2 protein chains.
Amino acid sequence: MTVSVATWNINSVRLRLPLVQSFLESWQPDVLCLQETKCPNDQFPLKAFHRMGYEHVEMHGQKGYHGVATISRFPLEAVEARDFCGIGDTRHLDCVVRTPRRALRIHNFYVPAGGDEPDPEINPKFRHKLDFLEEMRTITADPGGADSVLLVGDLNIAPLETDVWSHKQLLKVVSHTPVETETLEDVRRAGGWSDLIRVAIPPEEKIYTWWSYRARDWDVSDRGRRLDHVWGSPDLEPMLSDITVLREARGWEKPSDHVPVIARFRLDG
Amino acid sequence: MTVSVATWNINSVRLRLPLVQSFLESWQPDVLCLQETKCPNDQFPLKAFHRMGYEHVEMHGQKGYHGVATISRFPLEAVEARDFCGIGDTRHLDCVVRTPRRALRIHNFYVPAGGDEPDPEINPKFRHKLDFLEEMRTITADPGGADSVLLVGDLNIAPLETDVWSHKQLLKVVSHTPVETETLEDVRRAGGWSDLIRVAIPPEEKIYTWWSYRARDWDVSDRGRRLDHVWGSPDLEPMLSDITVLREARGWEKPSDHVPVIARFRLDG
DNA sequence: GAGGGCGTAG
DNA sequence: CTACGCCCTC
């Protein structure tokens with residue numbers, strides 16, 4: 001059977017609920033992982049998801065900032081919402097999805113953006129981002145009690161040269177500086193993770209999941225970055241049937257600056 | 001010939017430009033007086049009005065608050081934007097409209113709302129409103145160099161018992177307290193003004209131009225007030241053909257809390 | 001450029 | 001309830 005998992009930094013789930021609904025209707029993913037929900041748990045639009053057939057929702061949100069949620073057609077158990085860097089924000093949620101044939105563990109992440117200045121000595125937000133990455137080393141591709149494990153979300157780093165519109169121009173721009181790209185790749189490899197977007201789409205090919213709101217014409221200038229990721233335990237690699245980066249979503253009415261990424265797996269149990 | 005003049009507290013002209021456009025398209029008034037444009041002069045959507053055949057626009061606005069504009073198919077001259085109470089806000093604009101047969105002077109007013117507490121001793125906003133009314137005495141129905149004169153706008157007072165949904169319940173509510181209603185009626189009569197809405201619609205009949213945003217269902221509960229006015233020099237009375245209070249506009253998508261009032265005159269020269 | 005928070009205004 | 005300003009974040 002095919003199981004599909006989507007990840008999307010939605011930049012306010014309440015403001016963009018109609019967009020989420022139309023996305024779910026068109027793409028019917030089995031699981032949707034949202035980031036930047038900007039929504040306290042008691043104000044999360046649960047019913048809207050239930051009405052659309054997503055009966056299982058785990059969320060970890062706060063007022064105004066950050067926030068992640070994992071939404072599923074299949075039974076879901078929250079394992080943990082870890083407080084990275086111990087500052088009480090809401091950037092991680094670890095759940096297990098019980099698909100009919102396999103238990104799939106999913107880490108849903110929203111990594112700090114890191115501010116403007118890529119120097120941890122003078123920019124505490126960048127320091128926070130690097131500290132967060134170091135702490136992410138503890139999240140490995142070990143499924144624990146599940147069969148397989150995914151790590152998805154907005155990692156706010158575009159690791160490869162082809163993950164940005166201009167490698168040269170972005171080398172000193174937060175999200176593509178060597179300390180970030182190298183650390184992220186090291187965290188990934190050391191944790192035993194496979195970069196599934198790059199398994200499906202060859203590293204030679206440019207691919208982006210985010211375009212700044214500030215650009216006049218995001219589509220023409222196309223100055224994007226691949227900030228959103230789908231990592232998997234190596235056993236999932238042969239089961240991956242395809243990845244869709246839904247570029248068109250950036251052109252929707254009142255869009256998020258990120259687009260959904262959908263991964264489809266043939267899970268044969 | 002018939003000349004029509006509309007007045008509308010638009011509560012942000014930029015936010016509600018589509019509503020203004022659809023109103024102009026349907027009703028084709030010759031002159032439109034707006035209040036609460038909330039728009040600095042250099043950001044006023046001039047071109048949109050030009051495109052709709054309103055080539056003559058005078059505005060007096062500021063950032064964020066207040067602001068009035070007079071928009072016309074016929075040539076327009078600004079006479080004065082008076083600084084009532086000397087605090088530099090933008091609540092008045094005096095223009096002359098050159099209709100083919102008559103010069104029509106129009107005072108466009110946005111009177112201070114006055115805050116919650118109807119006591120000038122403890123509420124400086126109410127003090128300001130009363131001071132403003134006193135200063136309005138200097139604006140009389142004298143056409144000056146023009147043939148006739150109008151005073152239109154949001155006067156933030158409902159003078160008659162039939163200008164509110166409940167006279168009794170509003171006697172202590174700012175907009176319908178005796179000091180306000182009596183002062184306004186005195187300013188009007190002493191200035192030689194005719195209350196043209198009440199010339200067209202008998203004082204026995206309830207008529208409102210404003211419904212609070214706070215009410216759940218403005219149409220059913222119908223707790224409105226007549227805060228917007230069209231006053232004229234007495235010579236205009238026999239020329240008044242009708243007044244329309246466009247109640248339906250309160251039900252439009254993302255409406256202003258005020259509706260347009262349109263006065264039609266047979267100006268025979 | 002576009003969210004959110006808050007406070008102020010209507 | 002709605003729209004602003006200001007300040008913050010991304």
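All chains are named by letter (A, B, ...) in the order of the sequence lines, taking the proteins before the strands, and each is independently numbered beginning at 1. Everything quoted here is computed from the prediction, not taken from an experiment.
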To the nearest angstrom, the NZ-P distance between B/Lys38 and D/dG5 comes to 9 Å

Among C/dG1, D/dC10, C/dG3, which nucleotide sits nearest the side chain of A/Tyr213? C/dG1

Length of the NE2-P vector between A/His128 and D/dC10, whole Å: 10 Å

What's the closest nucleotide to the side chain of B/Tyr65 if the choices are D/dG5, C/dG10, D/dC10? D/dG5

Considering only heavy atoms from C-beta outward, does the side chain of A/Gln35 approach that of A/Asn108 to under 4.5 Å? yes

Separation between OG1 of A/Thr162 and NE2 of A/His167, rounded to the nearest 0.5 Å: 10.5 Å

Would you mind reading off the distance between A/Asp89 atom CG and D/dC8 atom C1', rounded to a whole angstrom? 15 Å

Name the nucleic acid region contacted by A/Arg16, choosing base, sugar-phosphate or nothing; use a 4.0 angstrom heavy-atom cut-off, strictly under. sugar-phosphate

Could A/Arg188 and A/Trp193 be counted as a cation-pi pair, given that NZ or CZ must be under 6.0 Å from the ring centre and within 45° of the axis? no

Under 6.0 Å between ring centres, would you say that holds for A/His107 and A/His92? yes

Whole-Å distance, B/Gln62 CD to C/dT8 C1', equals 14 Å

What is the distance from CZ of A/Arg216 to P of C/dG1, rounded to the nearest Å? 11 Å

At less than 3.5 Å, do the side-chain atoms of A/Arg214 and the base atoms of D/dC10 form a donor-acceptor pair? yes

Expressed as a whole number of angstroms, how long is the span from A/Trp252:CH2 to C/dA2:P? 18 Å

Separation of D/dA3 atom C1' from B/Ile10 atom CD1, nearest Å, is 13 Å

Does D/dC8 have OP1 or OP2 sitting under 4.0 Å from an N or O in the side chain of A/Lys125? no

From CG of A/Asn9 across to C1' of C/dG3 the rounded distance in Å is 11 Å

When you check the gap from the basic side-chain N to the acidic O, do A/Asp116 and A/Lys125 get nearer than 4.0 Å? no

Minimum-distance nucleotide (side-chain atoms of B/Lys63 versus D/dC10, C/dG10, D/dC6): D/dC6

Looking only at side-chain N and O atoms, does A/Lys254 come under 4.0 Å of OP1 or OP2 in C/dG3? yes

Within the structure, does a side-chain N or O atom of A/Ser12 lie under 4.0 Å from either OP1 or OP2 of C/dG3? no

Closest nucleotide among D/dA3, C/dG3, D/dC10 to the B/Asn11 side chain: D/dA3

